[in-house]
Amino acid sequence: MSEWLQLEKQCNECKKCSLWENRKNVVIGRGNKTAAFMLIGEAPGEEEDIQGRAFVGRAGQLLSMALSAMGIEEDNYYICNIIKCRPKNNRTPYEQEIQECLPYLDRQIELVQPEVIVLLGNTAAASLIDKNIRITQQRGTWHEYKGIPVMLTYHPAALLRDESKKIDMWRDLKNAWKRLQTA
Ligand code: URA
Ligand code: SF4
C-alpha cells in the first residue's frame, strides 16, 4: 500500500479522540500532494464534513479565490487542517484533541515535503509554533516548524467577519509565495 493510502486509511478509521463520533467524513486534505506550498487551517467545518474535502465552505472559497487572484491554483498547493474531524458547532478544538491528531499532520508534512508553510489562524499557530501566540499581533512574521519556514496569517473565516483584514492576509500570502520563488 502506498504511504498516502496507508495514512488515509489510518485517518478514516481513527477513533483516537471523541470527535469521530459525530463526523460524517474525515477531512484529510486536498490539492497537490507534492506541492512546495502548504497551508494549514484549524478543523473541518460543516461543508467540509459533508464533502470530506478541506476548505470548501465559505471561508475556503474566499481563500481559494484570493490564491487564484495571485496566480496560485489548486495544483500549486496542498491544504489541510490541524484536526481531521469536525468539532460540533465548529467549537475550537481542545488541546487533547490536537495532540491526538497531530501525528497525522506531521506525517502529511513528511510526505508533502513543503518548502514553505502558511498557518491560518490562532489554532494552527498555537499548535505548531507557540501556545501563547496572538495572530492579530504576530501575523506576517516568519517562524519555523521542523526546519521549514512558516508564515503566520489570519484564518479566512476571520475575513468573513472583518473585511479590513483582507489586505494584511493578501500581503502575508504573497510574501510566503514570494519566498518560495526566491528559495
Ligand atoms: N476552516 C478550517 O480551518 N478548515 C476548513 O477546512 C474549513 C474551515
Ligand atoms: Fe482521530 Fe483526529 Fe479524528 Fe480525533 S480528530 S478521531 S485524532 S482523526
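Residue numbers count from 1 along this sequence. Just so you know, ligand 1 is whichever comes first in the structure, and atom 1 is the first atom listed for that ligand.
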Do NZ/NE/NH1/NH2 and the carboxylate oxygens of Asp168 and Arg139 come within less than 4.0 Å?
yes
Taking side chain as C-beta onward, heavy atoms only, is Leu19 less than 4.5 Å from Pro87?
yes
Which residue and atom name correspond to the protein heavy atom nearest atom 4 (Fe) of ligand 2, and how close is it?
Cys17 SG, 2.4 Å
Distance filter under 4.0 Å to His155 heavy atoms, resulting ligand 1 atoms:
1 (N), 2 (C), 3 (O)
If you count the atoms of ligand 1 from 1 in the order shown, which ones are under 4.0 Å from a heavy atom of Glu42?
2 (C), 3 (O)
What part of Ala43, side chain, backbone, both or neither, has a heavy atom within less than 4.0 angstrom of ligand 1?
backbone
Could you tell me which non-hydrogen atom of Val26 sits nearest to which non-hydrogen atom of Cys85, and how far apart they are?
CG2-SG, 4.2 Å
Report yes if Gly45 has an N/O atom closer than 3.5 Å to an N/O atom of ligand 1; otherwise report no.
no
Is the ring pair Tyr78/Trp4 parallel, tilted or perpendicular, if the boundaries are 30 and 60 degrees?
tilted
If you define the side chain from C-beta out and look only at heavy atoms, does anything of Glu48 sit under 4.5 Å from Asn25?
no
In terms of heavy-atom contacts, Ala125 and Leu119 come closest through CA-CD1, 3.9 Å
Which atom of Arg30 lies closest to which atom of Ser64, heavy atoms considered:
NH2-OG, 3.4 Å
Under 4.0 Å from a heavy atom of Cys14: give me the atoms of ligand 2 that qualify, with their elements.
1 (Fe), 6 (S), 7 (S), 8 (S)
Min N/O separation Pro44 to ligand 1 under 3.5 Å
no
Look at ligand 1 and say whether Arg53 reaches it with a heavy atom at a distance under 4.0 Å.
no
Please list, in number order, the atoms of ligand 2 under 4.0 Å from a heavy atom of Cys101.
2 (Fe), 5 (S), 7 (S), 8 (S)
Shortest protein heavy-atom distance from atom 3 (Fe) of ligand 2, along with the residue and atom involved
Cys85 SG, 2.3 Å
Hey, is there an N, O or S on Cys11 sitting under 2.8 Å from atom 2 (Fe) of ligand 2?
no
Nearest non-hydrogen partners of Asp172 and Leu152, listed with the distance:
OD2-O, 3.7 Å
In the protein, what heavy atom is nearest to atom 4 (N) of ligand 1, and what distance, to one decimal place, separates them?
Asn81 OD1, 2.7 Å
Given that the side chain starts at C-beta and the backbone is N, CA, C, O, which of these parts of Arg23 lies under 4.0 Å from ligand 2, counting heavy atoms, or is it both or neither?
side chain
Strictly under 4.0 Å, does any heavy atom of Ala59 approach an atom of ligand 1?
no
Ion pair present between Arg86 and Glu21, side-chain N to carboxylate O less than 4.0 angstrom?
no
